[in-house]
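Data block below; observations after.
Naming convention: chains lettered A, B, ... in sequence-line order (proteins, then strands); numbering from 1 in each chain. The structure presented is a predicted model; accordingly, all values stated were derived computationally and were not measured.
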Protein chains: 2
Amino acid sequence: MTKLSKREEIIQLAASLFRKRGYSSTSVRDIAREIGMEASSLYNHIRSKQEILHELMLNVANSFSTGMKSVKEAPLNPLQKLERLVSLHVNITINEPDAVALIPNEWIHLETKGIQEFLHLRDQYERDFKQILQDCLDEGFIKPVNIELASFSILSTLRWLYSWYGKNQDINIIALEEEMKKCLIQGLAK
Amino acid sequence: MTKLSKREEIIQLAASLFRKRGYSSTSVRDIAREIGMEASSLYNHIRSKQEILHELMLNVANSFSTGMKSVKEAPLNPLQKLERLVSLHVNITINEPDAVALIPNEWIHLETKGIQEFLHLRDQYERDFKQILQDCLDEGFIKPVNIELASFSILSTLRWLYSWYGKNQDINIIALEEEMKKCLIQGLAK
DNA sequence: ATATATAACTAACAAGTGTTAGTTTTAGAC
DNA sequence: GTCTAAAACTAACACTTGTTAGTTATATAT
C-alpha cells in the first residue's frame, strides 16, 4: 500500500461517502468531519466538491476504456475477449469498489461538461462490448440471441457486481471470475 | 386512463423528478413548480417530502411481493415460475417505470422505518427468487450453476430493465418478455 | 534563526432547504 | 346568496449548503 497524498485521501473518503449516501446528500462538511478537518480547509486540496466527483467518475471510466482498448487489440478470439472483459470488470470492481459503485447513478450529478465526457466514454464502451458479442455470434461461438438484450444483460450484472462483492468480500477472486464467466457466458439452460 | 387525484398527480410527477435528478437533488419547490403551484400548497395534499418517497417505494415493493406470492402459489413447475417472474418484472416495469427506476438506489433516502420495511420486502423477495431457482436446479431444469451468482445476475438484469425500456419504448411487450426469457433462462452457450 | 510555502483555522456570505402559520380564493351544497 | 370545506396563496422560520476571505500555525530549506 503506497501512502496516499492528502488530496487522494480526501477523494477516496469522499467516494465511500458518496457511495453510502449519494453525492447530493453528502455535504462538504460531512467529508471534512470524517477526515478530521474543517470544511474550508478541504479547499487547500480540492477546487470544488464537483471536482471530486468529476475526478472519481472519469478516472474509473477511463480505467474501463483503456481496459477495453487492450482487450480489443489482444490476439484472441471473440469468446476469449468476452472472458477478458469479465476479468476486467471483476478486477476494477475489487480494486476500486467505491468508485465503481458510483457509475450507475451518480453521473447525473456531474456538470454539463463532465456528463458529456462520461457518457461519451460509456457509449463507446458499450458499442465495443456489443461488437465483441456480435463477433462471437458471427463466428459461431454462441447461440443465436438478441445482441442488444444479451449485452444489456451481461453489462447489468457486471455493473452491479460491486454490490454482490460488498456482501461476499471473502470470496476468492479467481474463483469469482470463473463463476462469473460460467454464469454469464455459458448460460443456464440444459 | 382514470383521472388522477391531485395527490396522485403530485406523487407521479415527483417520481419522474426523483428518477431524473434523485430524491435529494429534487426540492419541494421543484415539484411545486412543475405541477403549477407554490411549494407550501403541496402540504394540503401530502404530509412531507419523505412521505412521497415512502409511498412510491413501498407501493412498488409491494407490487413485487404480491406478484411473487401469486407465482409461488401457482400450480406450475419451477421453470415456469421463473418465466412468470420475468413477466412480472416486465409488466411492473412497463406500468410504473419511474417508480421502478427508484428501486436500486433511492431507498437509502428513506427514513429508518421506511428502510426497514423496504429492505425486509426486498430480502424476502430475493430469498423466494433464489428458492425457485434452487428448485429448478434440484428438479433438473437447469445446468448445475452457482445459485447465488445466477440469481444475482438475473435480478441485476431485471432491475435495470427500466433503463433499457427507456431507450426502446416502441418494442412489443410480449416480444420483450420472450426475448428476456430466452436471454436470461436459456443462456448463451452453444 | 529566518524565510517561505503549505495547510490548517475562524468567520462569514448568499442562496437554497423543508416546513409552518395565517390568510385569501375557489367551488359545491343548501 | 350564504355557508362550508378544500386548496390555493404570502410570508416567514430555522437550518444547511458550497464557497471565499483573511489569518494563524506548521514544517522545510537555507
### Task
Tell me, with the steps shown, if A:H89 and A:Y125 meet ring-ring contact (aromatic ring centres under 6.0 Å, His included).
CA-CA 12 Å; A:H89 277 259; A:Y125 187 88; 5.7 Å; yes
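A heavy-atom distance below 4.5 Å is not found between the side chains of B:Y162 and B:I103. Using a 4.5 Å heavy-atom threshold, the side chains of B:L85 and B:K81 count as separate.
Protein atom CD1 of B:I31 is 11 Å distant from nucleotide atom P of C:dT17, rounded to whole Å. Between A:D30 atom CG and D:dT19 atom P there is a gap of 14 Å when expressed in whole angstrom units. One interatomic measurement links the two molecules: CG of B:L53 to P of C:dT17, which rounds to 17 Å at whole-angstrom precision.
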### Task
Classify every nucleotide of nucleotides 18-29 of chain C by which part a protein heavy atom approaches to under 4.0 Å, writing B for the base, S for the sugar-phosphate alone and - for neither, in 5'-to-3' order.
BBB---------
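For the pair B:E148 and A:K167, the salt-bridge criterion is not met [side-chain N within less than 4.0 Å of a carboxylate O]. Between A:R19 and A:E96 there is no salt bridge, since none of the side-chain N atoms of the basic residue sits less than 4.0 Å from a carboxylate O of the acidic one.
With a 4.5 Å cut-off between side-chain heavy atoms of Ile, Leu, Val, Met, Phe, Trp and Tyr, the cluster of B:L121 takes in B:L58.
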Which protein N or O atoms sit under 3.5 Å from an N or O of nucleotides 5-8 of chain D?
from  : atom 1 : to    : atom 2 : distance (Å)
D:dA8 : OP2    : B:H45 : NE2    : 2.4
D:dA8 : N7     : B:N44 : ND2    : 2.5

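Checked by atom type and distance alone, the side chain of B:Q50 pairs as donor or acceptor with a backbone atom of B:E111 at under 3.5 Å.
With no hydrogens or angles considered, a side-chain donor-acceptor pair links B:S5 and B:E8 at under 3.5 Å.
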